[in-house]
Amino acid sequence: MPKIVFLPHADLCPEGAAVEAQNGETVLDVALRNGIDIEHACEKSCACTTCHVIVREGFDSLEESTELEDDMLDKAWGLEPESRLGCQAKVDDEDLVVEIPRYTVNMVSEGH
């Protein structure tokens, strides 16, 4: 069973976290299931960038992003080559190390 290591984030997981994931589960769903409340203003429909994450290790194990995801990512704060939308990045067999950016483009937290 693959693991995801979420690097420390001052607000969402100050200590960081190492959690188990199921193959095919999205990074966002794994985070939410483990109490890491990553923003997801569009309810996981690939219509915003609030669940933007940076996959520091294991990026190549993810399926390629779609054109729609790439278009959305162009609007994300702090975009990097290893950026993905957490709602679209599905876990495969490889462990991941994920960084949650400090900021999103949202002016106000949705508070899910």
Side-chain angles (χ1 to χ4, degrees):
M1 186 174 292
K3 293 190 184 311
I4 300 179
V5 173
F6 289 95
L7 298 175
H9 181 280
D11 299 322
L12 301 178
C13 58
E15 304 297 318
V19 299
E20 291 188 350
Q22 300 288 327
N23 285 32
E25 194 173 17
T26 67
V27 170
L28 177 59
D29 285 336
V30 173
L32 295 174
R33 182 169 44 79
N34 287 280
I36 303 169
D37 295 324
I38 295 175
E39 289 276 339
H40 52 287
C42 72
E43 293 301 323
K44 309 175 194 175
S45 66
C46 195
C48 73
T49 63
T50 57
C51 68
H52 168 228
V53 296
I54 303 164
V55 182
R56 295 293 182 200
E57 293 180 24
F59 181 83
D60 291 336
S61 72
L62 302 172
E63 289 182 12
E64 283 193 38
S65 56
T66 64
E67 188 174 334
L68 176 59
E69 181 182 357
D70 291 341
D71 288 347
M72 292 310 305
L73 280 169
D74 284 342
K75 302 171 187 173
W77 181 89
L79 185 68
E80 294 193 17
E82 294 80 25
S83 288
R84 291 295 302 266
L85 295 180
C87 69
Q88 301 299 303
K90 293 184 180 175
V91 178
D92 199 3
D93 291 329
E94 195 171 318
D95 294 347
L96 303 175
V97 175
V98 173
E99 178 181 345
I100 304 165
R102 178 74 177 116
Y103 302 103
T104 73
V105 294
N106 265 12
M107 296 295 282
V108 177
S109 174
E110 296 294 321
H112 289 278

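Values reported hereafter were calculated over all heavy atoms of this structure, with side chains retained and with hydrogens, waters and symmetry mates removed.
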State yes or no: do [X] and [Y] share one hydrophobic cluster built from I, L, V, M, F, W and Y residues joined by side-chain heavy-atom distances below 4.5 Å, directly or via other members?
X: Leu12; Y: Leu85; answer: no
X: Leu73; Y: Val98; answer: no
X: Val91; Y: Ile36; answer: yes

Could you tell me whether the side chain of Thr49 and the main chain of His52 form a donor-acceptor pair under 3.5 Å? no
Has His9 got a side-chain atom pairing as donor or acceptor with Glu99's backbone, closer than 3.5 angstrom? no
Only one of Asp93, Asn23, Val30 passes side-chain contact (heavy atoms from CB on, under 4.5 Å) with Pro2; say which it is. Asn23
Show your working on side chain to side chain contact (heavy atoms under 4.5 Å, CB included) between Leu62 and Leu96 and close with a plain yes or no. CA-CA 9 Å; Leu62 302 172; Leu96 303 175; 4.1 Å; yes
Show, in sequence, the C-alpha distance, side-chain angles and deciding distance for Lys44 and Leu32, and conclude whether the side chain to side chain contact (heavy atoms under 4.5 Å, CB included) test is met. CA-CA 12 Å; Lys44 309 175 194 175; Leu32 295 174; 3.9 Å; yes
Using the test salt bridge (Lys or Arg N to Asp or Glu O under 4.0 Å), find all partners of Glu57 that sit at least two apart in sequence or belong to another chain. none
Are Leu28 and Gln88 side-chain neighbours, meaning at least one heavy-atom pair lies under 4.5 Å? no
Going by side-chain heavy atoms closer than 4.5 Å, which hydrophobic residues are tied to Val5, directly or by a chain of links? Leu7, Val97
Go through the steps to decide whether Val55 and Val27 satisfy the test side chain to side chain contact (heavy atoms under 4.5 Å, CB included), and finish with yes or no. CA-CA 10 Å; Val55 182; Val27 170; 5.6 Å; no
Under the side-chain hydrogen bond (donor to acceptor under 3.5 Å, both in side chains) rule, what do Ser61 and Asp92 come out as? Steps first, then yes or no, please. CA-CA 6 Å; Ser61 72; Asp92 199 3; 5.9 Å; no
Steps toward side chain to side chain contact (heavy atoms under 4.5 Å, CB included) verdict (Arg84, Ser65): CA-CA 8 Å; Arg84 291 295 302 266; Ser65 56; 3.8 Å; yes
Going by the side-chain hydrogen bond (donor to acceptor under 3.5 Å, both in side chains) test, name the single residue among Gln22, Glu25, Glu20 that passes it with Arg33. Glu25
dist Glu39:CD -> Ile100:CD1 (nearest 0.5 Å) comes out at 11.0 Å
Once rounded to the nearest 0.5 Å, what's the spacing between atom CD of Glu43 and atom SG of Cys87? 10.5 Å
